[in-house]
Chemist: 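One structure, as structure tokens, below. Some questions next.
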Amino acid sequence: MSEKTHDEETRSEVYAELAAVGPYGVHPGHALITMVEPHPGHEYAYNRWYEDDHFIAGAMAMPWMFSGRRWVAPRDLQLLRYPEKSAIAQPVTAGCYLSTYWITQGRYADHMRWTVGINKRLNRDARVYHDRTHVFTAFQDHETTVYRDGAAGPRDFHALDHPYAGLVLQVIDAESPAARAELLEWLRTRHLPKRLSASPAAMVTVFHPTPLPGDRMTYVKQVEGVDVRLTLLWFLEADPRDCWEPYFTGLGEDVAEVGLGRVEFVAPFIPTVPGTDLYVDRLR
């Protein structure tokens, strides 16, 4: 009994030591963006596992992951996606659930050590749902955030807690690794401010993916396009169905016209309602 108590005290001391060092700001320096397709017939079971266990034990309970939100694409939203020939999803409708998480700037390496360890433990304890496919899963580094209203309104560190009505996930591949910086600058200074003006999107966060560690879980494939890819999250104040045609149908053409890359994926989502099975019966 005394040995167990000593071990507990030692662990508590380590937590206190860790809290006293390293970055502890509020900015989302990194993100986990994961789009998943439950296997046919497993939609309800997958959703209950994610809602009742994995969102907490596999994400939000981890150090430095300070904000998270789940999103869903019912079938009518899946059918709005483009381009049909996508490097992200084959078919382009694959991946009906999207989860987004913010990680404190400068804490990516610390978080990764924990997440690899906890996911190995969850797998050993049969707390990982395997009847699913990771369509697009990557940890990503923050590049920039562009706001529609300048200094007014929520900041990017509020984005996953603010009650936004929808989200658009956009993935762009630059022509080459060297061209990605030029693409990012064009997005930040010209394209996104123009697109955001008077639109239902309050902000766009821009990230680039990073390779997954070699000791990752085997059911998650290695990230592709890490040298050329940019991932954009458009946070909407309106249901994407109500604004899709005027604001989001031409994003691929805009990028193609300037010759800086190719839009590989544009997909709308709406937020899930935590703790419920809302929308599960509308996925197919």
Side-chain angles (χ1 to χ4, degrees), residues 15 18-19 22-36 47 49-73 95 97-119 122 134 136-149 151-171 196 201-210 212 220 223 230-237 240 267-276 278-279:
Y15 279 116
L18 291 173
Y24 67 125
V26 302
H27 294 289
H30 322 275
L32 170 59
I33 301 171
T34 173
M35 187 172 66
V36 172
N47 186 61
W49 164 74
Y50 209 107
E51 284 291 316
D52 298 341
D53 190 359
H54 198 61
F55 184 81
I56 305 299
M60 295 304 299
M62 297 189 197
W64 307 115
M65 184 169 270
F66 68 86
S67 187
R69 175 165 286 188
R70 292 187 74 206
W71 312 83
V72 62
Y97 281 106
L98 178 71
S99 296
T100 51
Y101 303 96
W102 291 166
I103 299 168
T104 303
Q105 186 172 355
R107 289 295 191 172
Y108 172 74
D110 297 336
H111 175 79
M112 284 303 300
R113 293 291 298 273
W114 187 284
T115 193
V116 170
I118 200 65
N119 275 286
L122 290 169
H134 281 266
F136 179 69
T137 293
F139 284 87
Q140 314 225 8
D141 286 346
H142 182 251
E143 288 281 8
T144 191
T145 299
V146 181
Y147 297 98
R148 181 192 61 201
D149 303 324
R155 303 292 87 189
D156 51 14
F157 47 86
H158 302 126
L160 302 185
D161 299 305
H162 187 78
Y164 285 113
L167 178 86
V168 174
L169 168 64
Q170 180 184 10
V171 180
L196 283 170
M203 73 177 80
V204 181
T205 58
V206 184
F207 296 86
H208 76 261
T210 60
L212 289 169
V220 182
V223 179
L230 292 174
T231 304
L232 286 68
L233 301 177
W234 300 68
F235 290 90
L236 310 183
E237 296 175 330
F269 293 84
I270 53 177
T272 62
V273 177
T276 76
L278 188 63
Y279 307 117

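No experiment lies behind these values; they were computed from the predicted model shown.
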Chemist: Hey, what do you get for OH (Tyr108) to NE2 (His30), rounding to the nearest 0.5 Å?
Modeler: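 Going from OH on Tyr108 over to NE2 on His30, the span is 9.0 Å.
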Chemist: Measure the shortest side-chain to side-chain distance between Leu32 and Thr137 over non-hydrogen atoms and say whether it is less than 4.5 angstrom.
Modeler: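 With C-beta onward as the side chain, the pair touches.
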Chemist: Side chains of Pro28 and Phe66: does their closest heavy-atom pair fall under 4.5 Å?
Modeler: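 Answer yes - side chains close enough.
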Chemist: Please report the shortest heavy-atom distance between Ala57 and Leu122, naming the atom on each side.
Modeler: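 Of all heavy-atom pairs spanning Ala57 and Leu122, the closest is O-CD1, 4.1 Å.
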Chemist: Work out which heavy atom in Ile270 is nearest to a heavy atom in Pro240; give both atom names and the distance.
Modeler: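 Minimum heavy-atom contact is CG2-CD, 3.8 Å.
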Chemist: How long is the straight-line distance from CE of Met62 back to CE of Met112, given to the nearest 0.5 Å?
Modeler: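 Taking CE in Met112 and CE in Met62, the distance rounds to 9.5 Å.
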Chemist: So, do Thr100 and Trp71 sit near enough that their side-chain heavy atoms are less than 4.5 Å apart?
Modeler: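 Of all side-chain heavy-atom pairs linking Trp71 with Thr100, at least one is under 4.5 Å.
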Chemist: For Arg148 and Glu237: C-alpha separation, side-chain torsions, deciding distance, then whether side chain to side chain contact (heavy atoms under 4.5 Å, CB included) applies.
Modeler: CA-CA 12 Å; Arg148 181 192 61 201; Glu237 296 175 330; 3.0 Å; yes
Chemist: With heavy-atom distances below 4.5 Å as the criterion, would you say the side chains of Thr104 and Tyr24 are in contact?
Modeler: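 Counting from C-beta outward, Thr104 and Tyr24 never come under 4.5 Å.
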Chemist: Do you know the tightest heavy-atom contact between Pro268 and Ala73?
Modeler: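 That closest heavy-atom pairing would be O-CB, 3.7 Å.
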Chemist: What's the separation between atom OG1 in Thr272 and atom CG in Leu98, rounded to the nearest 0.5 Å?
Modeler: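 That separation rounds to 10.0 Å.
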Chemist: Would you check, one step at a time, whether the test ring pair (Phe, Tyr, Trp, His ring centres under 6.0 Å) holds for Tyr164 with Phe269?
Modeler: CA-CA 11 Å; Tyr164 285 113; Phe269 293 84; over 10 Å; no
Chemist: For residues Asp161 and Ser67, report the shortest heavy-atom separation together with the two atoms involved.
Modeler: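 Result for this residue pair: OD2-OG, 3.1 Å.
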Chemist: Testing the 3.5 Å rule here: is there a donor-acceptor pair between the side chains of Asp141 and Thr210?
Modeler: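 Per modelled atom types, Asp141 and Thr210 side chains form no pair under 3.5 Å.
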Chemist: Would you say His158's side chain and Leu160's backbone share a donor-acceptor pair under 3.5 angstrom?
Modeler: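 The answer is no, because no donor-acceptor pair under 3.5 Å joins these two groups.
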Chemist: With a 4.5 Å limit on heavy-atom distance, are the side chains of Leu232 and Val171 in contact?
Modeler: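 When only atoms from C-beta onward are counted, Val171 and Leu232 do not touch, as no gap falls below 4.5 Å.
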Chemist: Would you compute the distance between atom CH2 of Trp64 and atom CD of Gln105 and round it to the nearest 0.5 angstrom?
Modeler: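 Output value for this atom pair is 12.5 Å.
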Chemist: Say whether, by atom type as modelled, one donor and one acceptor occur between the side chain of Arg107 and the main chain of Gly25 under 3.5 angstrom.
Modeler: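 No; zero donor-acceptor contacts below 3.5 Å.
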Chemist: My understanding is that only one of Leu167, Thr145, Val206 makes a side chain to side chain contact (heavy atoms under 4.5 Å, CB included) with Leu233; could you say which?
Modeler: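 Checked Leu167, Thr145, Val206 against Leu233; only one passes side chain to side chain contact (heavy atoms under 4.5 Å, CB included): Leu167.
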Chemist: As an exercise, state the distance from CD of Gln140 to CD1 of Ile103, rounded to the nearest 0.5 Å.
Modeler: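 Gln140 CD to Ile103 CD1: 10.5 Å, rounded to 0.5 Å.
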Chemist: Output, in order, the C-alpha distance, side-chain angles, deciding distance and verdict of side chain to side chain contact (heavy atoms under 4.5 Å, CB included) for His111 and Phe139.
Modeler: CA-CA 11 Å; His111 175 79; Phe139 284 87; 3.8 Å; yes
Chemist: Specify whether His54 and Trp49 have parallel, tilted or perpendicular ring planes, treating 30° as the upper limit for parallel and 60° as the lower limit for perpendicular.
Modeler: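 His54 and Trp49: parallel rings.
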Chemist: Is there a side chain to side chain contact (heavy atoms under 4.5 Å, CB included) between Val36 and Tyr50? Walk through the geometry before answering.
Modeler: CA-CA 11 Å; Val36 172; Tyr50 209 107; 5.9 Å; no
Chemist: Ring-plane angle category for Trp102 and Phe235, please: parallel below 30°, perpendicular beyond 60°, tilted otherwise.
Modeler: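 Answer is perpendicular, since the angle exceeds 60°.
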Chemist: Run the salt bridge (Lys or Arg N to Asp or Glu O under 4.0 Å) test against Asp53 and tell me which residues pass, sequence neighbours left out.
Modeler: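 Asp53: salt bridge (Lys or Arg N to Asp or Glu O under 4.0 Å) contacts with Arg127.
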Chemist: Does any part of the side chain of Arg155, heavy atoms only, come nearer than 4.5 Å to the side chain of Val26, both counted from C-beta?
Modeler: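 Not touching, per the 4.5 Å side-chain cut-off.
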Chemist: For the residue pair His142 and Phe207, does the interplanar ring angle fall in the parallel (under 30°), tilted (30 to 60°) or perpendicular (over 60°) class?
Modeler: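 Rings of His142 and Phe207: perpendicular, as their planes differ by over 60°.
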Chemist: Return the set of residues passing salt bridge (Lys or Arg N to Asp or Glu O under 4.0 Å) with Asp149 (not counting sequence neighbours), or none when no residue passes.
Modeler: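 Once residues adjacent in sequence are excluded, Asp149 has no partner under the salt bridge (Lys or Arg N to Asp or Glu O under 4.0 Å) criterion.
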Chemist: Give the minimum heavy-atom separation between Val223 and Ala138, together with the two atoms involved.
Modeler: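 Smallest interatomic distance, heavy atoms only, reads CG2-CB, 3.7 Å.
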Chemist: Roughly how far, to the nearest 0.5 Å, is the CZ atom of Arg70 from the CG atom of Asn47?
Modeler: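 Result: 4.5 Å between the selected atoms.
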Chemist: On the 0 to 90° scale, with breaks at 30° and 60°, tag the His27-Phe157 ring pair as parallel, tilted or perpendicular.
Modeler: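 Perpendicular: the ring planes of His27 and Phe157 meet at over 60°.
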Chemist: If we ignore angles and hydrogens, is there a donor and acceptor under 3.5 Å between the side chains of Glu143 and His208?
Modeler: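 Short answer, yes.
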